[in-house]
Amino acid sequence: MLDIKFLRQNIDFVRVKMDERGQKIDFDRFLALDAKRRDLLQAVETLRNERNSVSKQVGELKKKKEDASELIAKMGDVSAKIKEYDDTLRVTEEELNAFVMIVPNVQHESVPQGTGSEDNPVVRTWGEKPAFTFEPKQHFDLGEALGILDFARGAKITGARFTLYRGAGAALERAIFNFMLDLHTTEHGYTEVLTPFMVNADSMTGTGQLPKFKEDLFKIEGLEYYLIPTAEVPVTNIYRDEILDEEMLPVYYVAYSPCFRAEAGSYGKDTRGLIRQHQFNKVEMVKFARPETSYDELEKLTANAEEVLKRLGIPFRTVCLCSGDLGFSSAKTYDVEAWMPGQDTYREISSCSNFEDFQARRAAIRFRRKDTGKTEFVHTLNGSGLAVGRTVVAVLENYQQADGSVIIPEALRPYMRGLERITP
RNA sequence: GGAGAGAUGGCUGAGUGGCCGAAAGCGAUCGCCUGCUAAGCGAUUGUACGCCCUUUAAAGGUGUACCGCGGGUUCGAAUCCCGCUCUCUCCGCCA
């Protein structure tokens, strides 16, 4: 969330920024609530001050065995009034809080303006698209023919958007996330963490999934626990409500996790195959950084994601999300899109974002400046490194052969007991 | 699932109705002392939100809140009462 003080003092700037994001937000309501809150706060604090000092007098009188009944009677009224103001104040603060919680982040000045994904500029392209002497197939046709992806049985076991992997398919999925974890831990400086896959409501609020995106989450029956839609949630919340030492920053974490998404509102979109599942695996990179380095960290993070595709020999391009396409919590996002020959298009395989202090403020993740001793919010970043299921799609489609077999990229062979090719 | 114990500042730990934002110790920071280091001495040492002052900064002043969380009793709650959460111990169960 944004800082209330910042919002109050820069309301016109924020109005413009939200306009660029295509967000319609009633900031007049905010200003009214904020003013109301401060008025009430002053009133109630004045009354509390009175009660505190009079109560002290009562104590002194009683110690001297003198009569204090007059003061006590008077304070009864004051206490009643405090309760009354407190109730109004609480309601006002709840309204104000609810308002601030659904205001998106302010985008960085380098974010291009635009209204949708068609306006996202391509910042880099890498690799040569494979030339086929035949019509390249889509991954679901390849996978079913090879007997490594079973969508029908996934649907039987659970339902639509769940898939059963078998044999070399299951091994490929596992090989891919192990390869990614090893790359990020041994060469990119990340520390691996393995987190709970269910989190409480505070954690979901800290990273911004709640309260605004409740319908995208799976909730556990009878508990205030949710299945994570990304490891960003448990990993970023590692330091919720903590004050970190400046020297420990930046912190780099990488985590494997399954991700669970309700995909409300995507009916009919990517209905076939692995692209859009209710459950998929992902390797996620998360950083906690000092504000002055966070944009350098974003570039490095994105490069770390791209490196996975380079090692796998999968062509990709990187786009910078424009103002209208930016996610709720993000100040700046790069999407890395892998080339998918079967679909004859690039598909998002990683999304790398700098949230600046937006999540840190919600989650109360701060650090103490060594030179001033002051606390400040950290900047949080994260990026997929990468989405595993979509990487399987990219491998199958880019490495498919005329006979329907699939060559295993060399980087993955050590993770598949040397297997070089998947054949029916 | 059953029984019991507990939750206080960066840490240890005192505090059972007002003098408690909270003793003491440790740690940390600054200063003094000192050939150097260590020891010693002194001072400082939580967070948030308002208001005043100020350039809408910092610093300063002032007020309020916070002793796991939420309610209640009371003129007044870290302290008493109720509910919840979490932690620990024992028993049972279990991978």
Exercise for the section: Among B:G76, B:U64, B:U47, find the nucleotide with the atom closest to the side chain of A:Arg368. Expected result: B:U47
Practice task
Write down the distance separating the P atoms in B:G9 and B:U47, rounded off to the nearest Å.
Solution key: 14 Å
Fill in the blank from the handout: Among B:C75, B:G63, B:U47, the one nearest any side-chain atom of A:Glu45 is B:G63
Exercise for the section: Verify the contact: side-chain N or O of A:Arg48 to OP1 or OP2 of B:G63, cut-off strictly under 4.0 Å; return yes or no. Expected result: no
Completion exercise
Quick note, A:Lys62 side chain, CB onward, closest among B:G63, B:A65, B:G18 is B:G18
Exercise for the section: Answer with base, sugar-phosphate or nothing: what part of the nucleic acid does A:Leu71 contact at a heavy-atom distance below 4.0 Å? Expected result: nothing
Practice task
Under a 3.5 Å limit for both distances, which nucleotide forms a Watson-Crick or G-U wobble pair with B:U45, could you say?
Solution key: B:G27
Exercise for the section: Looking at every strand, decide which applies to A:Val54 at a 4.0 Å heavy-atom threshold: base, sugar-phosphate, or nothing. Expected result: nothing
Exercise for the section: For A:Asn52, answer base if it contacts any base atom (sugar-phosphate contacts may also be present), sugar-phosphate if it contacts only those atoms, and nothing otherwise; contact means non-hydrogen atoms under 4.0 Å. Expected result: sugar-phosphate
Exercise for the section: Select base, sugar-phosphate, or nothing to describe what A:Lys83 touches, counting heavy atoms under 4.0 Å on all strands. Expected result: sugar-phosphate
Practice task
Among B:G76, B:C86, B:A59, find the nucleotide with the atom closest to the side chain of A:Tyr225.
Solution key: B:C86
Exercise for the section: Examine B:G63: is either OP1 or OP2 under 4.0 Å from a nitrogen or oxygen in the side chain of A:Asn49? Give yes or no. Expected result: no
Practice task
Return yes if some donor-acceptor pair links the side-chain N/O of A:His188 with the main-chain N/O of A:Tyr190 below 3.5 Å, else return no.
Solution key: no
Exercise for the section: Check every atom of B:C75, B:G63, B:G50 against the side chain of A:Ile72 and return the nucleotide holding the closest atom. Expected result: B:C75
Practice task
Anything under 30° is parallel, anything over 60° is perpendicular, the rest tilted; go ahead and classify A:His278 against A:Phe162.
Solution key: tilted
Exercise for the section: Pick the C1' atom in B:U8 and in B:G68, then give their distance to the nearest Å. Expected result: 10 Å
Exercise for the section: Kindly indicate whether the side chain of A:Gln42 and the base of B:G50 share any N or O donor-acceptor pair separated by less than 3.5 Å? Expected result: no
Handout entry: Among B:C75, B:A48, B:G50, the one nearest A:Thr375 by side-chain distance
Key = B:A48
Exercise for the section: Provide the distance between the two P atoms, one in B:G71 and one in B:A77, to the nearest whole Å. Expected result: 14 Å
